[in-house]
Amino acid sequence: MSGISKKIFFTEQIISYSYLVDRDLPWKKDNNPYFIWISEIILQQTRVQQGIPYFKRFVERFPSLNILAEASEDEVIKLWQGLGYYSRARNLHATAKEIKANYSSQFPEDFSELIKLKGIGNYTAAAISSFAFNKPYAVVDGNVYRVLSRYFALEENYHSSKGKSFYQNLAQTLIDHNNPGRYNQAIMDFGALVCKPQSPLCHECSIKIHCKAYARKAIANYPLTKTKTKKKQRFFNYFVIEDDHNQLILRRRNKEDIWKSLFDFPGLESSIDSILTHQEIKRFVLEEFNIKQFSSMVSSKEYKQTLSHQIIQSKFFHLKIQQHFEQQTPYVLTNTKKLINFAFPKTIDCYLRDNYINLYM
DNA sequence: AATACGGGGCC
DNA sequence: GGCCCAGTATT
């Protein structure tokens, strides 16, 4: 079979599969680009099952682009809490404002305009183009890399930029121009349900007759894996300082670091797993907050969190103070009853659940 | 061209 | 404990 006819067969089979693997997902209800866009941002590097409840909450609170554009960034981040990659939420909000201000609240239809928007890259621009406007731009996500690499037994590594453009070009030659939206949806559903990462369902796959990796009995060798990077270890010491009016000091994370625009507590980071001395704690708290003394201190267990590039171990020191705090930048004061209104990283969320369970749930 | 950016599910 | 998920922005 020639390369060309093999490609045609592939495209036809993917379209045939579109009826078998069609998943009933809440963002497939209509072709409104606003809902398509929200779903695609949520699903970036995120499993469908994890994204569904976030999508539902998000569109319930922000049913239209204008409503999203008029919301506060803090509220948008709060709805994103726990989903990770928080720049997605900031860019989502910024883009809503951008479209409201400069596109008369109408989603642009051209790929070249879409890709200019914050948070919209190659994949998302193709997804919106094809799903909302039925334009022939091939989506290339993790599913597509996997399916193509197996079917054609590709030796290119899609984690490199050369590999990415190779796959992008190949995918574009395979798209069904008569029904680009359906084709794009189908290849991803096929990848998610049949040509899965682990233990794919080759026995019930009807395109395996031309699948090169299957013929070689080498499905497990495709796609080529990423060379793994070392994770940086970090050690956080957090001070949960509570005054005599049940107020806590929070810190807004605004540096170029993880968890930007979320909240945590004032703290000291060390590069090694050292035990903070009583003196060091006292010096930090006294100098940073002009506190005379604390009446009690309770140390927490250690919380460990693994990110894609970092391993973070956090300890918390709960300090009670017999005085009344005043607001002092860059910190934020909150009553313990209002903790629920702030967006916290997972580690902080876990600590609060363990220690402020009655107030924070 | 490589790296940073979260969190979770599955083996 | 490692892999990878409906990727994008930055360095």
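Residue numbering restarts at 1 for every chain, and letters A, B, ... go by the order of the sequence lines. Quantities reported herein were computed from a predicted structural model and do not represent experimental measurements.
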Task: Distance test, side-chain N/O of A/T124 to OP1/OP2 of C/dT8, below 4.0 Å - done: yes
Task: Euclidean distance for C1', C/dC5 against B/dG6 (whole angstrom) - done: 12 Å
- [ ] Starting from the 5' end of DNA chain B, give me the residue, A/G82 or A/K230, whose nearest nucleotide shows up first.
- [x] A/K230
- [ ] Measure the CD-OG distance between A/E98 and A/S105 for me, rounded to the nearest 0.5 Å.
- [x] 11.5 Å
Task: Spacing between A/L83 atom CG and B/dG9 atom C1', to the nearest angstrom - done: 14 Å
Open item on the list: If I take atom CD1 in residue A/I77 and atom P in nucleotide B/dG7, what distance separates them, rounded to the nearest angstrom?
Closed with: 12 Å
TODO: Before accepting this row, confirm whether a basic side-chain N of the pair A/R283/A/E280 lies closer than 4.0 Å to the acidic partner's carboxylate O.
DONE: no
TODO: Using only heavy-atom distances, determine whether the side chains of A/R146 and A/N143 contain a donor-acceptor pair under 3.5 Å.
DONE: yes
TODO: Evaluate the ring planes of A/H324 and A/H245, with Trp represented by its six-membered ring, and classify them as parallel (under 30°), tilted (30 to 60°) or perpendicular (over 60°).
DONE: tilted
Task: A/K28/A/D24 ion pair, N-O < 4.0 Å - done: no
TODO: Quick one: label A/Q49 by what it contacts on the DNA or RNA (base, sugar-phosphate, nothing), any heavy atom closer than 4.0 Å.
DONE: nothing
- [ ] Report which part of the nucleic acid A/K260 touches: base, sugar-phosphate, or nothing (heavy-atom distance under 4.0 Å, all strands).
- [x] nothing
Task: Ring-ring centroid check A/F284 A/F239, cutoff 6.0 Å - done: yes
Task: Distance, rounded to the nearest Å, where A/R90 contributes CZ and B/dA4 contributes P - done: 17 Å
Open item on the list: Mind checking if A/G51 touches a base, just sugar-phosphate, or nothing, with heavy atoms under 4.0 Å?
Closed with: nothing
- [ ] Rounded off to whole Å, could you give me the OH-to-P distance for the A/Y222 and C/dC3 pair?
- [x] 19 Å
- [ ] Spell out, as yes or no, whether a donor-acceptor pair under 3.5 Å connects the side chain of A/S160 to the backbone of A/Y158.
- [x] no
Task: Residue whose closest nucleotide on DNA chain B lies nearer the 5' end, A/T347 versus A/S161 - done: A/S161
TODO: Give the ring-plane orientation class for A/F316 versus A/Y351, where under 30° counts as parallel, over 60° as perpendicular and anything between as tilted.
DONE: parallel
Task: Phosphate OP1/OP2 of B/dT3 contacted by A/H309 side-chain N/O (<4.0 Å) - done: no
Between protein and nucleic acid, restricted to nucleotides 4-6 of chain C and to nitrogen or oxygen atoms under 3.5 Å apart, what atom pairs and distances do you find?
residue : atom : partner : partner atom : Å
C/dC4   : O2   : A/R47   : NH2          : 2.9
C/dC5   : OP1  : A/R146  : NH1          : 3.1
C/dA6   : OP2  : A/N143  : OD1          : 3.3
C/dA6   : O5'  : A/N143  : ND2          : 3.3
C/dA6   : O4'  : A/D141  : OD2          : 2.9
C/dA6   : N9   : A/Y123  : OH           : 3.4
C/dA6   : N6   : A/W27   : NE1          : 3.1
C/dA6   : N6   : A/Q185  : NE2          : 3.3
C/dA6   : N1   : A/R23   : NH2          : 3.3
C/dA6   : N1   : A/Q185  : NE2          : 3.2

Task: Between B/dT3 and C/dA6 - P atom distance, rounded Å - done: 24 Å
Report, one pair per line, the protein and nucleotides 9-11 of chain C atoms (nitrogen or oxygen only) whose separation is under 3.5 Å.
residue : atom : partner : partner atom : Å
C/dA9   : OP1  : A/G119  : N            : 2.4

Task: Short side-chain N/O contact from A/K346 to OP1 or OP2 of B/dG8, under 4.0 Å - done: yes
- [ ] Could you tell me whether A/D257 contacts a base, only the sugar-phosphate backbone, or nothing, with contacts defined as non-hydrogen atoms closer than 4.0 Å?
- [x] sugar-phosphate
Open item on the list: Please verify the inter-ring angle class for A/F236 with A/W259; under 30° counts as parallel, over 60° as perpendicular, anything in between as tilted.
Closed with: perpendicular
TODO: Please state how far atom CD1 in A/I348 lies from atom C1' in B/dG6, giving the value in whole angstrom units.
DONE: 14 Å
Task: Value in whole Å for how far the P atom of C/dG1 lies from NZ of A/K304 - done: 6 Å
TODO: Take A/H318 and A/N355 through the test side-chain contact (heavy atoms from CB on, under 4.5 Å) and record every step on the way to the result.
DONE: CA-CA 10 Å; A/H318 186 193; A/N355 295 280; over 6 Å; no
